[in-house]
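Worksheet: the structure to be examined is printed underneath.
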Amino acid sequence: MLKLEGVSLSYGSFRALDNVSLHAGKGELVVLLGANGAGKSSIFMAISGINKTSSGSISFEGQEMVGMKPSSIVEHGVVHCPEGRKLFPQMSVEQNLLLGAYVHRKAQDTKATSKQILDHIYELFPILQQKRHDPAGSLSGGQQQMVAIGRALMGRPKALLLDEPSLGLAPLVVKQMFEIIQKINQTGVTVLLAEQNAYSALRIAHRAYVLERGRIVMEGKPEEMLHDEGIRKAYIGA
């Protein structure tokens, strides 16, 4: 469904991605593991069209996406939930959520569909319905992450790119976050998840890739990763 072949990306003289190839099939939950600076966010920025690649192909459902505008990529069904949430703090929770549907504003069914998706988000995150009129900046870190994921879901993703959704959250909130991610995936949404919380991510994943210095150095099933001594020492701490 989502396929990268030989993708390279540089920031000036620094090569952030070096000949990266990976794929995520329809309905899969695929995890990207790697230390800070390994290239996880750069992969997402390349897929979503925010940063231009220097070589390689990125395709979704057989259609080439390199050169597409970020808004067109979202319209095609690939939605990026960035690291750091990137909310509008003075705007209400609901206003932030509705912004996620902006690219679909010309569609005839926008209002009805957006209402359905918004209702679904409030089912996933009941606290957001309670706080829908509150400024997004007044929420806790975990609640803000819920808004960020909800906003991405308003974009009607077929493939959802989640960049470090558990970063800086309390352990109980992290557990809830991974349960929600698994629920989203079980509705049929393909999920590409970049995470440093390797153990929790691998427990819900179908497959995983390990990145080092902009290169894919390992691919495999979660159980293989969990039993690999090098992976355990580097990413799980055991």
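The first residue of the sequence shown is numbered 1, and numbering continues consecutively from there.
Atom CD1 of Ile117 sits about 11.5 Å away from atom CG of Leu124, to the nearest 0.5 Å. Atom CZ of Phe125 and atom CD1 of Ile180 lie 5.0 Å apart (nearest 0.5 Å). Rounded to the nearest 0.5 Å, atoms CD (Gln144) and CZ (Arg151) are 10.5 Å apart. For the atom pair OG1 of Thr53 and CE of Met45, the computed distance is 13.5 Å after rounding to the nearest 0.5 Å. The structure places CG of Asp18 at 12.0 Å from OG of Ser42, a figure rounded to the nearest 0.5 Å. Remark: Ile204 CD1 to Leu193 CG distance equals 6.0 Å, nearest 0.5 Å.
The minimum heavy-atom distance between Met1 and Thr190, with the atom names listed, is SD-OG1, 3.1 Å. Looking at every heavy atom in both residues, Leu9 comes nearest to Ala46 through CD1-CB, 3.8 Å. Between Ile181 and Pro165, the shortest heavy-atom contact is CD1-CG, 3.8 Å. The two atoms that bring Ile121 and Gly150 nearest to each other are CD1-O, 3.1 Å, heavy atoms only. Taking every heavy atom of both residues into account, Leu169 and Val174 meet most closely at O-CG2, 3.6 Å.
The pair Glu179-Lys183 does not count as a salt bridge, with every side-chain nitrogen at least 4.0 angstrom from each carboxylate oxygen. Using a 4.0 Å cut-off between charged side-chain N and carboxylate O, Glu164 and Lys40 make a salt bridge. In summary, Lys158 and Glu61 engage in a salt bridge, as defined by a charged side-chain N under 4.0 Å from a carboxylate O.
Using a 4.5 Å heavy-atom cutoff, the side chains of Val147 and Leu97 are in contact. Under the 4.5 Å side-chain criterion, counting only non-hydrogen atoms from C-beta, Glu28 is not in contact with Val191. A 4.5 Å side-chain heavy-atom check between Ile47 and Leu192 finds at least one atom pair inside the cut-off. Proximity of Phe44 to Leu32: side-chain heavy atoms (C-beta onward) are separated by under 4.5 Å at one or more points. Side-chain atoms of Met154 and Ser114, non-hydrogen and from C-beta on, do get closer than 4.5 Å to each other. At a threshold of 4.5 Å between non-hydrogen side-chain atoms, the residues Leu22 and Glu219 do not count as touching. You'll find the side chain of Gln145 stays beyond 4.5 Å of the side chain of Ser166, heavy atoms only. Contact annotation: the side chain of Ile149 approaches that of Met177 to within less than 4.5 Å [non-hydrogen atoms, C-beta and beyond].
With hydrophobic clusters built from ILVMFWY side chains whose heavy atoms lie under 4.5 angstrom apart, Leu118 shares a cluster with Val93. Grouping the Ile, Leu, Val, Met, Phe, Trp and Tyr side chains by contacts below 4.5 angstrom, directly or via other members, places Leu33 apart from Val7. No continuous path of hydrophobic side-chain contacts links Phe178 to Leu172 [ILVMFWY only; heavy atoms under 4.5 Å]. Each of Val79 and Leu2 belongs to its own hydrophobic cluster when Ile, Leu, Val, Met, Phe, Trp and Tyr are linked at side-chain heavy-atom distances under 4.5 angstrom. Linking ILVMFWY side-chain heavy atoms closer than 4.5 Å, directly or via other members, places Met68 and Ile50 in two distinct hydrophobic clusters.
The environment of CZ in Arg215 is sparse: at most 12 heavy-atom neighbours from other residues, nucleotides or ligands sit within 6.0 Å.
With hydrogens and angles ignored, the 3.5 Å screen pairs a side-chain donor or acceptor of Ser138 with a backbone N or O of Pro135. Gln129 places no side-chain N or O within donor-acceptor distance of the main-chain N or O of Pro126, the cut-off being under 3.5 Å. For Ser57 (side chain) and Glu5 (main-chain N/O), no donor-acceptor pair under 3.5 Å exists by modelled atom type.
Gln130 and Tyr122 are not linked by any side-chain donor-acceptor pair at a separation below 3.5 angstrom, with hydrogens and angles left out of the test.
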